[in-house]
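Right, one structure below, let's go through it.
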Protein chains: 2
Amino acid sequence: MSTVQRSDRESISEMTTERLSVYLRCLESLDETTISSRELADRFHLNAAQIRKDLAHFGEFGIRGVGYNVGRLKEHLIRTLGIDRSRHALIVGAGNLGMALADYKGFNSEGFRVVALIDTDPKKIGQASKGDITIEAPAQLGEIVRRLHVEIGIIAVGPAEAQAVCDTLVEAGICAILNFAPVQMRLRDGVKIKSVDLRINLESLSFFLKNAEDALCDTG
Amino acid sequence: MSTVQRSDRESISEMTTERLSVYLRCLESLDETTISSRELADRFHLNAAQIRKDLAHFGEFGIRGVGYNVGRLKEHLIRTLGIDRSRHALIVGAGNLGMALADYKGFNSEGFRVVALIDTDPKKIGQASKGDITIEAPAQLGEIVRRLHVEIGIIAVGPAEAQAVCDTLVEAGICAILNFAPVQMRLRDGVKIKSVDLRINLESLSFFLKNAEDALCDTG
DNA sequence: GCATGTGAATGGATTCACAGCT
DNA sequence: AGCTGTGAATCCATTCACATGC
């Protein structure tokens with residue numbers, strides 16, 4: 001076989017994985033049939049050597065002296081990332097954020113689909129999002145996961161409930177979780193949690209602003 | 001002076017900065033007046049040596065043989081992160097995501113406040129979010145930034161418009177940007193961009209799921 | 001005695017630079 | 001000639017381990 005998964009799967013780092021996703025996106029916006037690592041890097045503010053190294057983890061996909069075949073590489077990345085088939089997600093927490101995510105286009109394309117919304121609030125249960133996903137009670141969670149083949153759990157509840165929701169999701173057999181609650185999650189092996197922490201991001205920006213101010217004061 | 005900013009400000013890495021934010025959050029949920037790096041690490045799944053090293057960048061804040069004074073350390077982190085005063089943010093894009101963010105509690109506490117919403121859609125202009133922030137036209141952007149002292153720009157538009165919005169924000173004098181659009185932003189120096197990329201996060205989870213499946217097949 | 005602060009050691013990730021192929 | 005794939009070199013981050021101070 002030519003496209004062997006050569007290195008141990010475990011050895012691919014998170015950083016590399018995330019860049020594969022970036023590369024795929026970049027390739028999708030290209031018209032040409034072939035591109036070199038250098039040109040890809042130049043156009044999208046990436047690093048050519050890193051592109052080559054990242055891709056080389058999974059086999060030899062380029063042609064020396066020429067570059068990469070765009071279509072073939074896209075196909076390959078799609079398979080590698082496991083998005084060659086649709087994956088179902090469920091959102092817990094039908095507040096502002098949960099509802100927005102349920103209807104967010106990025107979530108409902110490219111092989112991902114939000115198939116259910118869960119909330120504890122009895123007033124919300126039975127209502128539906130704009131995209132017509134009905135809000136269900138937490139008691140339904142396990143059954144929904146099984147019936148609709150949910151693979152990804154999205155936590156969009158407040159910090160107080162987040163850990164409990166996480167535990168419930170894992171209990172129900174979910175082992176890939178996207179967490180929006182600003183908490184330090186307890187991690188379990190066999191379960192992957194990616195956290196999107198707006199507070200950390202904002203505070204990081206604030207730190208940058210503060211240092212810019214201070215630098216200005218010092219020199220001024 | 002005792003609490004000198006000892007190392008060059010530029011030398012603090014992004015990773016360290018983000019952890020400062022985590023430490024602050026952890027400290028906020030504590031009752032005791034004193035805590036050791038070890039105990040902080042144990043409780044919140046962190047690393048004790050790393051906590052000490054991160055904190056040591058900014059001076060000597062602990063007491064040997066005792067640990068850190070929680071209140072004092074919180075104060076210090078708040079000042080270091082520059083959130084000892086309120087910072088104003090403006091959101092561009094009043095779609096599902098933008099509106100949800102405008103009303104998101106995490107954005108409107110702890111020293112951050114969304115003070116304006118911008119959208120190109122004439123039908124939306126003049127309307128207000130639940131939290132009562134009026135949607136304004138893009139033409140107003142520069143004036144709003146100046147009048148309301150906006151320091152942070154939040155990009156919640158689609159991928160096609162994101163780079164243009166980013167350029168406009170920088171033009172208006174914003175140098176801290178939180179980007180939600182799934183694009184590779186062109187970066188300029190003096191401007192800090194943090195991107196929250198849901199697609200990358202989802203694809204990363206998918207990659208994990210796919211490998212878990214494959215591993216199962218191999219051994220099964 | 002106990003926990004900080006910190007050099008030294010380790011471990012990863014990025015970048016360089018070139019051999020090898022088209 | 002040109003570009004990939006990759007060992008070697010470099011850079012950065014984390015962890016160890018202990019001297020220092022309470």
Side-chain angles (χ1 to χ4, degrees), chain A residues 2-23 27 30 32-70 72-73 76-77 80 187 204, chain B residues 2-23 27 30 32-70 72-73 76-77 80 187 204:
Chain A
S2 66
T3 67
V4 188
Q5 201 112 336
R6 63 168 67 168
S7 50
D8 296 356
R9 271 185 288 261
E10 302 306 311
S11 73
I12 306 298
S13 83
E14 191 75 25
M15 316 239 78
T16 299
T17 308
E18 298 196 352
R19 281 192 301 263
L20 293 183
S21 187
V22 171
Y23 301 154
L27 291 170
L30 290 179
E32 34 276 277
T33 54
T34 272
I35 194 159
S36 70
S37 59
R38 163 79 100 87
E39 191 165 351
L40 200 58
D42 287 351
R43 287 219 217 162
F44 299 98
H45 334 111
L46 305 167
N47 176 299
Q50 189 162 65
I51 293 173
R52 293 201 299 278
K53 192 144 256 186
D54 285 339
L55 297 179
H57 279 119
F58 302 92
E60 306 211 351
F61 275 83
I63 302 159
R64 287 165 201 236
V66 180
Y68 298 90
N69 176 295
V70 175
R72 209 166 87 87
L73 189 52
H76 167 61
L77 287 173
T80 301
L187 10 77
S204 222
Chain B
S2 66
T3 67
V4 187
Q5 200 111 337
R6 63 167 68 168
S7 50
D8 297 355
R9 271 186 288 262
E10 300 307 310
S11 74
I12 306 298
S13 84
E14 191 75 26
M15 316 239 79
T16 299
T17 308
E18 298 195 352
R19 281 192 302 263
L20 294 183
S21 186
V22 171
Y23 302 154
L27 291 170
L30 290 179
E32 35 276 278
T33 52
T34 272
I35 194 159
S36 70
S37 59
R38 163 80 100 88
E39 191 163 353
L40 199 59
D42 288 352
R43 289 218 216 163
F44 299 98
H45 334 111
L46 305 168
N47 176 299
Q50 189 162 66
I51 293 173
R52 293 201 299 276
K53 191 145 257 181
D54 286 339
L55 297 180
H57 279 118
F58 302 92
E60 307 210 352
F61 274 84
I63 301 160
R64 289 167 200 235
V66 180
Y68 298 90
N69 177 294
V70 175
R72 208 165 88 87
L73 189 52
H76 168 60
L77 287 173
T80 301
L187 11 77
S204 218

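We use all heavy atoms of the structure for the numbers below, so side chains are in, but hydrogens, waters and symmetry mates are not. What you see is a predicted model, and the numbers here were worked out from it, not measured in a lab. In what follows, every chain begins at residue 1, and chains take the letters A, B, ... in the order their sequences are listed.
- In this structure, the CD1 atom of A/I12 is 14 Å from the P atom of C/dG12, given to the nearest Å.
- Contact between A/A48 and A/A41 at its shortest, heavy atoms only, is N-CB, 3.5 Å.
- Between the CE atom of A/M15 and the P atom of C/dT15 there is a distance of 12 Å, given to the nearest Å.
- For the OP1/OP2 pair of D/dG5 and a distance below 4.0 Å, the side-chain nitrogens and oxygens of A/Y68 include at least one atom meeting the criterion.
- Taking the nucleotide of DNA chain D with the nearest heavy atom to each of A/A49 and A/V66, the more 5' of the two is matched to A/V66.
- Rounded to whole Å, the distance from CZ on B/F61 to P on D/dG21 is 19 Å.
- A heavy-atom distance below 4.0 Å to DNA chain C is reached by these residues of residues 33-47 of chain B, ordered by number: B/S36, B/S37.
- Summarising the geometry, the separation between CD on B/E60 and P on D/dT20 is reported as 13 Å, rounded to the nearest angstrom.
- Rounded to whole Å, atom P of D/dC3 lies 16 Å from atom CG of A/N69.
- Closest approach of A/I35 and A/E39 over heavy atoms only: CG1-CB, 3.9 Å.
- Between the CG atom of A/D54 and the C1' atom of C/dT15 there is a distance of 12 Å, rounded to whole Å.
- Closest approach of A/F61 and A/F58 over heavy atoms only: CE1-O, 3.6 Å.
- For A/E14 and C/dA13, the CD to C1' distance is 14 Å, given to the nearest whole Å.
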Task: B/R19 and B/L46: CA distance, side-chain angles, deciding distance, side-chain contact (heavy atoms from CB on, under 4.5 Å) verdict - done: CA-CA 10 Å; B/R19 281 192 302 263; B/L46 305 168; over 6 Å; no
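- Checking the phosphate oxygens (OP1, OP2) of D/dG5, no side-chain nitrogen or oxygen of A/R52 falls inside 4.0 Å.
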Using residues 63-70 of chain A as the side-chain source, report each donor-acceptor pair under 3.5 Å to any protein atom, sequence neighbours left out, with the distance given to one decimal.
from  : atom 1 : to    : atom 2 : distance (Å)
A/N69 : OD1    : A/G71 : N      : 3.1
A/N69 : OD1    : A/R72 : N      : 2.8

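- Judged by distance alone with a 3.5 Å cut-off, a donor-acceptor contact links the side chain of B/K53 to the base of D/dT15.
- Mapping A/Q50 and A/I63 onto DNA chain C via the closest heavy atom, the residue that lands nearer the 5' end is A/Q50.
- Minimum interatomic distance between A/Y23 and A/I51 (heavy atoms only, all atoms of both residues): OH-CA, 3.5 Å.
- As a whole-Å value, the separation of B/I51 CD1 from D/dT14 P is 13 Å.
- Proximity of A/R64 to the phosphate of C/dA19: no side-chain N or O atom is located under 4.0 Å from OP1 or OP2.
- Scanning for side-chain contact (heavy atoms from CB on, under 4.5 Å) contacts around B/D42 gives B/R38, with sequence neighbours left out.
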